[in-house]
Amino acid sequence: MSTKQSDAPTIESQAARRALARKLLAWFDRYARDLPWRQTSDLYAIWISEIMLQQTQVATVIPYWQRFLVRFPDAAALAAAEEHEVLRLWEGLGYYRRARQLHAAARQIAAVHAGRFPATYAEVKALPGIGRYTAGAILSIGADQRLPILEANTIRVLSRLSGFVGDPASTAGQKHLWAIAEKILPARRVGAFNQALMELGSEVCTPRQPACASCPVSAMCGARLCGAVDRIPQPPRKTKYEGLTEAAVVVRHRGRLLLRHCQPGERWAGLWDFPRFAVTDYGSGQVISPAVVSSRTRELTGFAIAPPTLLATIKHGVTRYRITLHCFESTLESRGRTKPTNGASRPLRWLSPGELTEYPLSTTGRQIARLVARE
Ligand code: SF4
């Protein structure tokens, strides 16, 4: 498909862009959702909301953001915390790399900016986990700096407004959309304008069946004027999902359970988990041999366990993986421990079910912990 724009009249003239800003801001003033991070201009608090909102729905983020701000009211408090506690507060939001980068950025703010969130684009963008979108969003929303933004909602809105029929994820598409995002910024109320664009994408200009009849900027929408709303933006390439089969083992000993700390480079790095490993896919309905589970547990932890029994099977998705997780339970067979055979010794702890509530666990690790607690 061509990456050229359609020739429909859109937002090319300055007068049209002024009208766009006026109409969009008036609509936003009237219909904006009352979200807690919209009540503050504290750059730190806005930063936390922006990181949490990446890949996560607004309704899910609200209670996490509120709890996080109570515990860590500023960058200095976050920098002083143990990673363990940051991850525990993040538990359930997923994409834990965001939390680790947030923590690393807070430590950088404490070391380089005396604990105050920086206020220039270059300084903000130099922080771990902050790219062009996030820096622009924080500084336009919190300090009304004249910076553009481009994320999933605005990609859709700007593609349609400008009648862009190419692939928005391509280099040419990104260049075109960032240029539009910059060109349409008003002189004042930039933060409100950027939020209004995102709000329009979330509430009106939705991926399927956008509500063009009630859209405040329909008169200057290129896609609508050339009857191409259902073709713009070009749909993303379909994600290829990959199936994985894994096993996790609840090992008991004198009322305590064996947990291991996931290491850097592992999927749940920084979190705690029941011993877990990938196994060959035995096909649907086939049972993994207890002997395989015992030997893999010994390789991973160094502990010998009694023949395990199946506790539950959990199906879940992580990024492009569709995982079937077989959860086993067993008991420690002997107190003696050999060195794990799959590399360096890994930190292991024996925890009571009550102590598990204080440790950050993977989502499925928490599900297993609940199953165990119910027993
Ligand atoms: Fe989106 Fe329709 Fe508004 Fe165009 S007119 S911006 S397609 S909701």
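Remember, it's 1-based here, ligands and their atoms both numbered in the order they're listed. In what follows, residues are counted from 1 in the order of the sequence shown.
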Within 2.8 Å of atom 2 (Fe) of ligand 1, is there any N, O or S atom belonging to Cys221? no
Nearest-contact summary for atom 2 (Fe) of ligand 1 - protein heavy atom, Å: Cys212 SG, 2.4 Å
Go through ligand 1 atom by atom and flag the ones less than 4.0 Å from a non-hydrogen atom of Arg160. 7 (S)
Taking the ring of Tyr321 and the ring of His316, is the distance between their centroids below 6.0 Å? no
Does CD belonging to Glu82 count more than 12 external heavy atoms closer than 6.0 Å? no
So, Arg267 and Asp273, do they make that salt bridge, N to O below 4.0 Å? no
Ranked by distance from atom 1 (Fe) of ligand 1, the top protein heavy atom is Cys205 SG, 2.4 Å
So does Lys183 pair up with Glu12, basic N to acidic O under 4.0 Å? yes
Charged N-O contact under 4.0 Å between Arg38 and Glu199: yes
Near Ser218, which atoms of ligand 1 are under 4.0 Å from a heavy atom of that residue? 5 (S)
the protein heavy atom lying closest to atom 3 (Fe) of ligand 1 turns out to be Cys215 SG, 2.3 Å
